[in-house]
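Beneath this line is the structure, given in structure tokens, with notes to follow.
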Amino acid sequence: MADVDANATGEAILTRDAALLQDTVREAGALAQSMFRTELKKWTKGASSPVSEADIAVNDLLEARLRAATPDYGWLSEESADDEVRLTRRLTWIVDPIDGTRNYLNGHDEWCVSVALVEDASPVLAAVFAPTSDEFFFAARGQGTTLNDVPVWATAGSELDFSRVAGPKPLVERLKPSLGEIKLHPRIGSLALRLCRVAHGALDAAFAGGNSHDWDLAAADLIVQEADGRMSDLSGDPILYNRRQVTHGVLVAAGRDRHASIVSHFRNRPLP
């Protein structure tokens, strides 16, 4: 009986957190949209990563709403100093306030707010909101993926139509059977959106080059999985989140059968 009660309590908490996540990400997207294509203070962090006052404002809103409601959860965001207390928490929010900041600052539409709730290294709730195209992706573990409240699925099959594949061209070219030229899907500057495009069948497959981060991936990962897709490294191993090291190597997302075919290809022909 205790286990049943614990499970029921856990489900109730996730239901509460799902509503909190959806409301908060919508509010954050509205804030980002209100600042889009306005004069913003901007600067560079690290070697070449752009950031603006919009990134910080959206991050502050997300942190204020989510952490106030769930003070015992960990927090990992691209725009917050890393607090390694998160490593001791069973549940952690993983946040990219504006994924695709370069697109955002250049006035291009492909950017989004991306937030996941991770439990013991795996995402259990995810929301990705692209306000300019009014696309709201949501997934809860075991409950499927929706786009604007309508269930969606990754495309079936294992064949490759390169016009429906997105990612770094030198990487994708390693899948081609001949030396012929391939034409990929146009570049999608937001990695989270690139991956989410697999979940509703706009793309058959999407790749992430090396050096992506937890906040780029966690929400899209669950969104793809719950749409009957798979997302992993090229060996097929699942991606683990909320570790001390938050960067990742080359990754692929695709429908279940196509993902298996791509992983098999790279196992036989590994990258140098």
Side-chain angles (χ1 to χ4, degrees), residues 6 9-10 13-14 16-18 20-22 24-25 27-28 31-32 42-101 112-129 139-141 190-192 195 208-225 231-233 235 237-251 253:
T9 300
I13 289 171
L14 283 181
R16 177 206 68 183
D17 290 347
L20 169 68
L21 174 61
Q22 291 180 79
T24 302
V25 168
E27 186 178 357
L31 174 60
K42 52 190 175 182
W43 57 96
T44 300
K45 63 182 180 182
S48 61
S49 183
V51 61
S52 76
E53 60 183 309
D55 297 88
I56 303 305
V58 174
N59 188 65
D60 289 349
L61 184 154
L62 289 164
E63 186 168 11
R65 300 287 191 274
L66 296 175
R67 298 196 85 175
T70 57
D72 295 333
Y73 293 9
W75 180 262
L76 175 63
S77 170
E78 182 177 14
E79 306 304 345
S80 298
D82 190 6
D83 181 356
E84 291 196 350
V85 169
R86 66 182 173 80
L87 299 174
T88 69
R89 300 293 194 251
R90 186 174 63 86
L91 290 160
T92 294
W93 295 110
I94 297 185
V95 174
D96 196 340
I98 299 178
D99 183 75
T101 295
C112 63
V113 179
S114 178
V115 182
L117 182 63
V118 167
E119 180 180 31
D120 299 332
S122 298
V124 293
L125 294 174
V128 170
F129 182 29
R141 186 167 61 187
S190 161
L191 178 53
L195 298 167
N211 206 39
S212 54
H213 296 77
D214 277 15
W215 47 78
D216 302 311
L217 305 169
D221 190 347
L222 184 65
I223 286 166
V224 169
Q225 287 186 55
M231 183 168 145
S232 73
D233 64 24
S235 68
D237 292 332
I239 306 160
L240 301 179
Y241 299 99
N242 195 36
R243 297 306 205 222
R244 192 176 302 277
Q245 175 61 258
V246 300
T247 57
H248 301 272
V250 177
L251 308 169

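Note that the CZ atom of Arg67 and the CG atom of Asp72 stand 11.0 Å from one another [nearest 0.5 Å]. Distance check, rounded to the nearest 0.5 Å: CD of Glu78 to CD1 of Ile98 gives 10.0 Å. Rounding to the nearest 0.5 Å gives a distance of 4.5 Å between CG of Asp221 and CD1 of Ile239. Atoms CG and OG, from Leu195 and Ser212 in turn, are 8.5 Å apart once rounded to the nearest 0.5 Å. For the atom pair CG (Asp237) and CG (Leu251), the distance works out to 11.0 Å, reported to the nearest 0.5 Å. Distance CG/Asp83 to CG/Leu76: 10.0 Å, rounded to 0.5 Å.
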Pair Met231-Leu222, side chain to side chain contact (heavy atoms under 4.5 Å, CB included): steps then yes or no: CA-CA 9 Å; Met231 183 168 145; Leu222 184 65; over 6 Å; no
Side chain to side chain contact (heavy atoms under 4.5 Å, CB included) between Val95 and Trp215, worked out: CA-CA 5 Å; Val95 174; Trp215 47 78; 5.9 Å; no
Derivation and outcome, side chain to side chain contact (heavy atoms under 4.5 Å, CB included), residues Leu14 and Val124: CA-CA 8 Å; Leu14 283 181; Val124 293; 4.0 Å; yes
Verdict with supporting geometry, Asp17 and Tyr73, side chain to side chain contact (heavy atoms under 4.5 Å, CB included): CA-CA 11 Å; Asp17 290 347; Tyr73 293 9; 2.6 Å; yes
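Side chain of Asp99 to backbone of Leu191: a donor-acceptor contact under 3.5 angstrom is found. Between the side chain of Asp214 and the main chain of Asn242, a donor-acceptor pair closer than 3.5 Å is present.
Across Thr92 and Trp75, no two heavy atoms sit closer than the pair CG2-N, 3.7 Å. Shortest non-hydrogen contact noted between Pro71 and Ala68 is CD-O, 3.7 Å. A pairwise comparison of heavy atoms in Ala121 and Arg243 identifies CB-NH1, 3.5 Å as the closest pair. Between Cys112 and Ala192, the shortest heavy-atom distance links the atoms SG-CB, 3.8 Å. Shown here for His248 and His213, the closest heavy-atom pair between the two residues is CD2-C, 4.1 Å. The minimum heavy-atom distance linking Val25 with Ala127 is given by the pair CG2-CB, 4.0 Å.
The neighbour count for Lys45 NZ, taken as heavy atoms of other residues, nucleotides or ligands under 6.0 Å away, is above 12.
Residue Ser77 forms a side-chain contact (heavy atoms from CB on, under 4.5 Å) with just one option from Leu62, Leu66, Asn59, and that option is Asn59.
With sequence neighbours excluded, the residues satisfying side-chain contact (heavy atoms from CB on, under 4.5 Å) with Pro50 are Thr101, Arg102, Leu105.
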